[in-house]
Protein chains: 2
Amino acid sequence: MGVLRKTKHLEHVLQAFRQSSDALSAGMLLDALANEINKSTVYRMLQKLEDDGVIHSFLTMDQIRFYALCKGCSSGRHVDTHAHFQCTSCKRVSCVSEEIVLPTPGRSRITSAQVLLTGQCESCLS
Amino acid sequence: MGVLRKTKHLEHVLQAFRQSSDALSAGMLLDALANEINKSTVYRMLQKLEDDGVIHSFLTMDQIRFYALCKGCSSGRHVDTHAHFQCTSCKRVSCVSEEIVLPTPGRSRITSAQVLLTGQCESCLS
DNA sequence: TGCGTTGTCGCAACCGAGTTGCGTTAATTT
DNA sequence: AAATTAACGCAACTCGGTTGCGACAACGCA
Ligand SMILES: [Mn+2]
Ligand SMILES: [Mn+2]
Ligand SMILES: [Zn+2]
Ligand SMILES: [Zn+2]
């Protein structure tokens with residue numbers, strides 16, 4: 001599966017995640033690092049970081065994948081499952097720390113869940 | 001916003017939903033009505049049916065929109081919010097009737113939620 | 001410090017779900 | 001039957017994301 005090399009682009013991307021309290025999309029990263037980094041590179045980097053358990057991803061209502069730093073995950077073992085929230089006003093996306101109790105429909109076996117909440121965030125309400 | 005006309009294609013699509021206990025995607029409908037109906041027509045029809053409160057839609061893990069019949073919804077007022085489930089083996093998608101208790105992150109105001117469960121369905125487990 | 005290995009990069013072409021503009025067809029209204 | 005207008009087929013398009021490939025650079029080791 002390969003070793004993760006410490007390259008300039010990787011540092012920039014990781015720094016973007018650490019500096020942001022929100023989740024980020026590939027497009028937002030491309031805008032932030034305008035013309036400094038190629039589209040394919042960003043997507044490949046995000047995929048590898050997710051495989052390695054450094055970040056996790058999820059989809060928003062408008063079918064765009066967002067990414068955020070993991071806590072306590074490792075290669076191939078994602079354990080920090082939680083809900084995500086997108087504000088309909090400012091469009092910002094964030095992780096929700098509160099735990100969620102999920103049902104087991106019928107006699108099926110649930111192995112993962114994606115929960116996306118939408119509404120207005122604290123700062124957009126005031 | 002226009003009146004809903006009773007056309008042959010519409011009858012076929014509604015019949016497909018009534019005959020299926022699963023949720024359906026635009027692609028699945030196109031396959032079912034092979035070459036009998038155009039891609040744009042299906043998408044436009046699904047959008048209108050959703051606007052009119054006849055069907056509701058949601059996204060699966062692989063970013064494909066699925067649709068299912070509503071219960072008790074009307075034009076512009078969708079009230080039958082519930083979770084959805086996709087089997088990782090047979091890929092089939094269905095609605096989950098059980099209610100789910102969701103958290104309210106911080107002081108934000110949640111107006112809608114999408115919950116997608118994945119795992120193995122009853123028939124794929126046996 | 002020099003060199004080989006191999007992961008990463010940029011580029012350009014591609015993919016596929018979904019959208020759109022437009023001229024035509026057909027369901028509904030009169 | 002004629003007028004109205006929603007629904008249709010077609011083709012071109014959008015856009016988030018992928019892929020093949022040759023060039024480049026991070027890393028391990030001598
Ligand atoms: Mn998260
Ligand atoms: Mn449903
Ligand atoms: Zn906001
Ligand atoms: Zn199944």
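Every heavy atom of this structure was used, including side-chain atoms; hydrogens, water molecules and symmetry mates were not. Each chain gets a letter, A, B and so on, in the order its sequence line appears, and its residues count up from 1. Please read all numbers here as calculations on a predicted model, not as lab measurements.
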Next on the checklist: Which heavy atom of Leu10(A) sits nearest to which heavy atom of Met45(A), and what is that distance?
Outcome noted: CA-SD, 3.8 Å
Checklist entry - What is the distance from CD of Glu36(B) to P of dG9(D), rounded to the nearest Å? => result 10 Å
Checklist entry - So, for Val96(A) and Phe85(A), which heavy atoms are closest and what is the spacing to 0.1 Å? => result CG2-CB, 3.8 Å
Kindly give the atom pairs (protein nitrogen or oxygen, nucleotide nitrogen or oxygen) under 3.5 Å for nucleotides 14-16 of chain C.
none

Checklist entry - Under 4.0 angstrom, heavy atoms only, what part of the nucleic acid is Arg65(B) near: base, sugar-phosphate, or nothing? => result sugar-phosphate
Checklist outcome for this item: Result for 5'-nearest mapping on DNA chain C, choosing between Asn38(B) and Ile37(A), is Ile37(A)
Next on the checklist: Please determine whether side chain to side chain contact (heavy atoms under 4.5 Å, CB included) holds for the pair Gln114(B) and Gln114(A), giving the CA-CA distance in whole Å, both sets of side-chain angles, and the decisive distance to 0.1 Å.
Outcome noted: CA-CA 8 Å; Gln114(B) 286 220 13; Gln114(A) 287 221 11; over 6 Å; no
Checklist entry - The side chain of Arg5(B) lies closest to which of these nucleotides: dG17(D), dA27(C), dC9(C)? => result dA27(C)
Next on the checklist: What is the distance, to the nearest angstrom, from the CG atom on Leu30(B) to the C1' atom on dC8(D)?
Outcome noted: 14 Å
Next on the checklist: How many whole angstroms separate atom CE of Met61(A) from atom C1' of dG16(D)?
Outcome noted: 19 Å
Item to check | Geometric class of the His56(B)/His82(B) ring pair [parallel <30°, tilted 30-60°, perpendicular >60°] | outcome: perpendicular
Item to check | Euclidean distance, atom CD of residue Glu50(B) to atom C1' of dT19(C) [Å, nearest integer] | outcome: 15 Å
Next on the checklist: I need the minimum non-hydrogen distance between Thr41(B) and His9(B), along with the two atoms involved.
Outcome noted: CG2-ND1, 4.3 Å
Next on the checklist: I want to check one thing: is the phosphate of dA7(D), taken as OP1 and OP2, less than 4.0 Å away from some side-chain N or O of Lys8(B)?
Outcome noted: no
Checklist entry - Taking only N and O in the side chain of His9(B), is any of them less than 4.0 Å away from OP1 or OP2 of dC8(D)? => result yes
Checklist entry - Does a sphere of radius 6.0 Å around CD in Glu36(A) hold more than 12 heavy atoms from other residues, nucleotides or ligands, not counting ones at 6.0 Å or beyond? => result no
Next on the checklist: By the 4.0 Å heavy-atom rule, please label Ser40(A) as base, sugar-phosphate, or nothing.
Outcome noted: base
Checklist entry - Where the side chain of Thr7(A) is defined as all heavy atoms beyond and including C-beta, which of dC27(D), dA26(C), dA26(D) is the nearest nucleotide? => result dA26(D)
Checklist entry - His12(B) NE2 to dA7(D) P: how many Å, rounded? => result 17 Å
Checklist entry - Which whole-number value in Å describes the distance from Asp62(A) CG to dG18(C) C1'? => result 14 Å
Checklist entry - What heavy-atom pair brings Cys87(A) and Gln120(A) nearest, and what distance separates the two atoms? => result SG-CA, 3.9 Å
Checklist entry - Nearest-Å distance, CD (Gln47(B)) to C1' (dT20(C))? => result 11 Å
Checklist entry - Does Tyr67(B) or Lys6(B) map to a spot on DNA chain C nearer the 5' end, using the closest nucleotide for each? => result Tyr67(B)
Checklist entry - With respect to the phosphate group of dT8(C), does any side-chain polar atom (N or O) of Thr41(A) fall under 4.0 Å of OP1 or OP2? => result no
Checklist outcome for this item: Of all heavy-atom pairs linking Ala16(A) and Leu29(A), the shortest is CB-CD2, 3.8 Å
Checklist entry - Within the pair Tyr43(B) and dG18(C), is there a side-chain N or O less than 4.0 Å away from OP1 or OP2? => result yes
Checklist entry - How long is the line joining NZ of Lys48(A) and P of dT18(D), in whole Å? => result 15 Å
Checklist entry - Side chain of Arg44(A), base of dG10(C): donor and acceptor closer than 3.5 Å? => result yes
